[in-house]
Amino acid sequence: MSTRIPFLKGHGTENDFVIVPDPENAVDLPPAAVAALCDRRAGIGGDGLLHVVRSAAHPEAKGMAAEAEWFMDYRNGDGSIAEMCGNGVRVFARYLQRAGHVTEGDLAVATRGGVKTVHIAKDGDVTVGMGKAVLPEGDVTVSVGERSWPARNVNMGNPHAVAFVDDLSHAGDLLSPPPFSPAAAYPDGVNVEFVVDRGPGHVALRVHERGAGETRSCGTGACAVAVAAARRDGADPTATGTPATYTVDVPGGTLVITERPDGEIEMTGPAVIVAEGEIDADWLGTATRA
């Protein structure tokens, strides 16, 4: 390993990430190293880490290399591995554009949740094809303190529990994962969204993300919320043939989510690179061993 490791910092609606370009998958990033980099006081700081690797160079992505040159090896802020991150894909695409690997227009990005289609628009926004939502059967309940709500189980390549509440303050401080039941519904934990209505086709959320706590935004969460809101409102584009679009306010900005008649979900929003620099490998090694 070299003594200096390039990195960038970026965010999508203030869901922020440490970006580590590593085309040949040469940088060792064990969970402790990721957690150290994402530490907001002792590290660079981020809700997660985007490890940028060529698909052909990563054992988990080799099978997708024919479809997508680049693999988003995404990690949560605590170092754990996640299947997908919607805001992360947008920032990942923005990095590829900045580095000259891609230009405006369409590209494909490999993720643990499958290959995602991405469009970089001239106005700067990035649209991600998030795939289709899966709506597992069974009742789910989430709780905060003495309050409990029924929640919609939505899987966007990662699991979500969507609860509609009267006031976003009812979500509490979201420092620890909100309890849910039954435990069997989410054996690996869950992202929990608390949602209020702002108007027709317009909702707002707060979210607790697995492995990160409350974040300023969650792209897959916004998609899950839009699907849950559409079903609550009696809209199912796959049945009616009419797209359903929701504006979703997150603490860090606004995302626009459209569910198409074929069931595919598109998410549009900003993606910003704010800084770049070098990680001291000696520090990282020390932090990892601490």
Side-chain angles (χ1 to χ4, degrees), residues 1-29 33-34 37-38 44-77 81-131 157 217 219-220 255 264 266-279 281 284:
M1 183 182 294
S2 64
T3 58
R4 300 283 177 177
I5 303 168
F7 83 93
L8 298 90
K9 181 71 183 286
H11 76 92
T13 51
E14 298 183 12
N15 194 188
D16 62 335
F17 309 96
V18 179
I19 305 162
V20 179
D22 182 24
E24 303 310 316
N25 198 27
V27 178
D28 186 26
L29 289 171
V34 173
L37 289 168
C38 292
I44 296 167
D47 293 323
L49 182 143
L50 305 174
H51 185 206
V52 184
V53 185
R54 282 196 167 88
S55 298
H58 198 288
E60 293 183 69
K62 283 183 178 179
M64 295 179 277
E67 298 178 73
E69 180 181 2
W70 295 96
F71 173 53
M72 185 181 77
D73 176 17
Y74 181 69
R75 319 293 183 84
N76 293 315
I81 289 173
E83 301 91 339
M84 244 295 287
C85 176
N87 287 317
V89 174
R90 296 202 320 279
V91 175
F92 189 93
R94 177 68 74 229
Y95 162 73
L96 293 177
Q97 181 188 31
R98 179 189 178 102
H101 297 306
V102 302
T103 59
E104 292 172 357
D106 298 328
L107 68 144
V109 174
T111 77
R112 290 185 177 86
V115 176
K116 304 301 178 184
T117 57
V118 179
H119 179 80
I120 303 173
K122 290 183 179 180
D123 65 5
D125 276 352
V126 180
T127 298
V128 180
M130 299 290 287
S217 180
T220 55
L255 297 166
E264 293 291 325
E266 296 179 336
M267 173 186 63
T268 300
V272 182
I273 304 296
V274 300
E276 61 181 310
E278 295 179 323
I279 302 161
L284 185 60

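- Taking all atoms of both residues into account, the shortest heavy-atom contact from V102 to A93 is CG2-O, 4.2 Å.
- Between V27 and D22, the closest heavy-atom pair is N-OD2, 2.8 Å.
- In terms of the salt bridge (charged side-chain N to carboxylate O under 4.0 Å, His left out) criterion, residue partners of E276 (sequence neighbours excluded) are, by chain and number, R98.
- For the side chain to side chain donor-acceptor pair (under 3.5 Å) test, residues two or more places apart in sequence or in another chain that qualify with S217 are T13, N87.
- Counting only distance, with no hydrogens or angles, the side chain of S55 and the backbone of A68 share a donor-acceptor pair below 3.5 Å.
- Contact record, Y74 with G48: OH-CA, 3.5 Å, taken as the closest heavy-atom pair.
- Qualifying side chain to side chain donor-acceptor pair (under 3.5 Å) partners for D106, counting only residues two or more places apart in sequence or in other chains: H119.
- Here the rule is side-chain contact (heavy atoms from CB on, under 4.5 Å) with T127, and of E266, R90, M267 only E266 fits it.
- In this structure, the separation between CG on L284 and CD1 on I5 is 5.5 Å, given to the nearest 0.5 Å.
- Taken to the nearest 0.5 Å, the OH atom of Y95 stands 6.5 Å off from the CG atom of L8.
- Here A56 pairs with A65 under the side chain to side chain contact (heavy atoms under 4.5 Å, CB included) rule; sequence neighbours left out.
- Here CG of L96 is found 6.5 Å from CH2 of W70. Values are rounded to the nearest 0.5 Å.
- Of all heavy-atom pairs between V18 and L37, the closest is CG2-O, 3.9 Å.
- In this structure, the side chain to side chain donor-acceptor pair (under 3.5 Å) partners of Q97, at least two apart in sequence or on a different chain, are R94.
- Atom CD1 of I19 sits about 10.5 Å away from atom NE2 of H11, to the nearest 0.5 Å.
- A donor-acceptor contact shorter than 3.5 Å is absent between the side chain of K116 and the backbone of G86.
- Atom CD1 of I81 and atom CG of L49 lie 11.5 Å apart (nearest 0.5 Å).
- Annotation for F92 and H51: closest pair CE1-O, 4.1 Å, computed over non-hydrogen atoms.
- Evaluation of the ring pair (Phe, Tyr, Trp, His ring centres under 6.0 Å) rule for H58 yields F71 as partners, not counting sequence neighbours.
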Can you list the steps and then say if I44 with I279 is a side chain to side chain contact (heavy atoms under 4.5 Å, CB included)?
-> CA-CA 9 Å; I44 296 167; I279 302 161; 4.0 Å; yes
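- In this structure N25 satisfies the side chain to side chain donor-acceptor pair (under 3.5 Å) test with no other residue, sequence neighbours excluded.
- Not a single salt bridge (charged side-chain N to carboxylate O under 4.0 Å, His left out) links E278 to another residue, sequence neighbours left out.
- Taking all atoms of both residues into account, the shortest heavy-atom contact from G219 to L255 is CA-CD1, 4.3 Å.
- For T117, the side chain to side chain contact (heavy atoms under 4.5 Å, CB included) test picks out no residue, with sequence neighbours left out.
- Contacts of E67 classified as side chain to side chain contact (heavy atoms under 4.5 Å, CB included), with partners at least two apart in sequence or in another chain: V115.
- Note that SG of C85 and CG of N15 are 5.0 Å apart. Values are rounded to the nearest 0.5 Å.
- Considering only residues two or more places apart in sequence or on other chains, E104 meets the salt bridge (charged side-chain N to carboxylate O under 4.0 Å, His left out) condition with none of them.
- Among residues two or more places apart in sequence or in another chain, the salt bridge (charged side-chain N to carboxylate O under 4.0 Å, His left out) test is passed with R75 by D73.
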